[in-house]
Amino acid sequence: MFDGGMTMCFHTVNCPQILGNISKNRSRSRTKLNPCFAVKMCSILLQSDESGNLSESKKISSSYSAQVKPQAQNSLLSQANTVGIIGGVSVLSTLIFLEKLVWWSSRNGEESVPFVVCSDPSIDGALASQASIHSSFDETAQNEANHEAIVRNLRHKRVFLEQSGASCIVMPCHISNAWHEQISEGCSLPFFHIGECVAKELKEAKLKPHGTGSNVRIGVLAATETIAAASYQDQLGNQGFEVVLPDKATMEHVLIPAIESLNKRDTEGARNLLRIAIQVLLIRAVNVVILASDELQNILPREDPLLKKCMDPMDALARSTIKWAKTGKQGMQKNTS
């Protein structure tokens, strides 16, 4: 699948067992690859206090373990194109984004994009509750009304990354980006919005509407229609796209059962239901269907023709981030508010 080997050095204080298992499994799968080059990736997952201040962290590698003061970290984060990453709903989803960032930025034998990650397992549960497919409409409304604590936590993570030496900020999380404006308030760095990255790519694709005299229609499939879809609706609308969401019947009888089937390890059932959900939007003359939930990724096999009509937003976020880091230019204006 990839062109070479990758040497990964994680400095982390979060979920070492998960990281270890993933590294072990991937090492086995790549032993037969021709290592025409090795990518040395150095990432940092650090801790901050509730005010976003840097705290003493533990640096871990395969050869040593030592205490490192924040001042000593400056040499690692001095590069002008360092990407600051606020972790998503789960460590695994964050790692998937990191893999894209590393491999795509180093596929031509170049060094991977430098980055620092702030991953906080304590907030994963709170974000996951916002994304629960079993929440009633009243519960969803209550979740939205009580999201202030989550936004405050994420804003502290953003401040932490700014202080750690990051030069831009990204959030590879569908849910978190719904509160991008609040989290980015007062940020002095470029802060990429996943919906804006998606809208920009679709605009550059110069899509033609299927219907005469209508706008290009973009479908959005998300486990939580009211929250995750919000990350994309405004940004797509700003670019002149018409956003099409599944109706209540499709959500209740097709999309949510698809995710439930996946959780029950009924892969074939999940695939068939997801195909129906995509087809329902395509019948409504959408050009592209955005799969705006981690659960919806990798359900369909790669050779499935319907995937040609679908888009993974994390791909757009990774490409925009790499473009910014490689060119040294800011694809989006700094938020100076």
Side-chain angles (χ1 to χ4, degrees), residues 6 8-26 41-62 65 67-68 70 73 76-77 82-103 105 112-131 147 149-180 183-184 187 189 191-192 194 294-295 297 313-314 317-318 321:
M6 180 168 75
M8 302 176 68
C9 177
F10 280 97
H11 307 301
T12 175
V13 293
N14 288 309
C15 303
Q17 183 176 0
I18 295 177
L19 290 170
N21 291 340
I22 291 176
S23 298
K24 183 177 180 181
N25 293 336
R26 287 178 177 168
M41 180 179 74
C42 180
S43 68
I44 299 177
L45 282 74
L46 302 174
Q47 292 177 322
S48 64
D49 59 28
E50 292 186 356
S51 63
N53 295 324
L54 294 174
S55 61
E56 188 170 310
S57 303
K58 187 176 295 182
K59 182 178 181 179
I60 305 172
S61 73
S62 58
S65 178
Q67 294 295 324
V68 179
Q73 294 159 2
L76 290 175
L77 304 175
T82 298
V83 178
I85 302 170
I86 300 175
V89 171
S90 69
V91 174
L92 182 58
S93 63
T94 303
L95 285 174
I96 292 173
F97 175 78
L98 288 176
E99 184 173 46
K100 293 177 180 180
L101 189 69
V102 170
W103 282 109
S105 66
S112 64
V113 169
F115 61 87
V116 56
V117 181
C118 187
S119 179
D120 183 3
S122 67
I123 201 175
D124 293 352
L127 285 170
S129 67
Q130 297 280 330
H147 72 270
I150 297 176
V151 171
R152 186 165 55 250
N153 186 303
L154 293 172
R155 191 183 293 123
H156 291 159
K157 301 296 184 293
R158 187 215 81 208
V159 172
F160 165 69
L161 291 171
E162 289 181 277
Q163 294 176 346
S164 71
S167 298
C168 79
I169 307 292
V170 298
M171 291 189 300
C173 177
H174 305 284
I175 303 298
S176 299
N177 275 270
W179 308 309
H180 181 278
I183 298 168
S184 63
C187 183
L189 304 177
F191 194 151
F192 294 170
I194 190 170
D294 292 335
E295 299 95 330
Q297 304 299 331
M314 297 302 167
L317 181 62
T321 304

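- Here the side chains of E295 and S93 are not in contact, with every heavy-atom distance at 4.5 Å or above.
- In this structure, L161 and L189 have side chains that are not in contact, with every pair of non-hydrogen atoms separated by 4.5 Å or more.
- Annotation: side chain of D294 is in contact with side chain of H174 (closest heavy-atom distance under 4.5 Å).
- E162 contributes atom CD, which lies 10.5 Å from atom OG of S167 (distance to the nearest 0.5 angstrom).
- Atom CG of L154 is separated from atom CH2 of W179 by 7.5 Å, given to the nearest 0.5 angstrom.
- F97 places a side-chain heavy atom less than 4.5 Å from the side chain of V170.
- Across all non-hydrogen atoms, the minimal contact from S105 to S112 is OG-CA, 3.4 Å.
- Under a 3.5 Å cut-off, the side chain of N177 and the backbone N or O of C173 do form a donor-acceptor pair.
- A distance of 14.0 Å separates CD1 in I96 from CG in L101, rounded to the nearest 0.5 Å.
- For the atom pair CZ (R152) and CZ (R155), the distance works out to 8.5 Å, reported to the nearest 0.5 Å.
- In this structure, D120 and K157 have side chains that are in contact, with non-hydrogen atoms separated by less than 4.5 Å.
- Between the side chain of T94 and the main chain of G88, a donor-acceptor pair closer than 3.5 Å is present.
- Going from atom CG of L95 over to atom OG of S119 covers 8.0 Å, rounded to the nearest 0.5 Å.
- For the salt bridge (Lys or Arg N to Asp or Glu O under 4.0 Å) condition, no pair includes a residue of residues 170-179, sequence neighbours left out.
- Contact record, L317 with P172: CD2-CA, 3.8 Å, taken as the closest heavy-atom pair.
- Evaluation of the salt bridge (Lys or Arg N to Asp or Glu O under 4.0 Å) test over residues 82-93, restricted to residues two or more places apart or in two chains, returns none.
- Taking both residues in full, the closest heavy atoms of R158 and S184 are given as NH1-C, 3.7 Å, listed atom of the first, atom of the second, then distance.
- H180 contributes no side-chain N or O that, together with a main-chain N or O of I194, makes up a donor-acceptor pair within less than 3.5 Å.
- Side-chain contact between I183 and F191: present, with at least one pair of heavy atoms (C-beta onward) separated by less than 4.5 Å.
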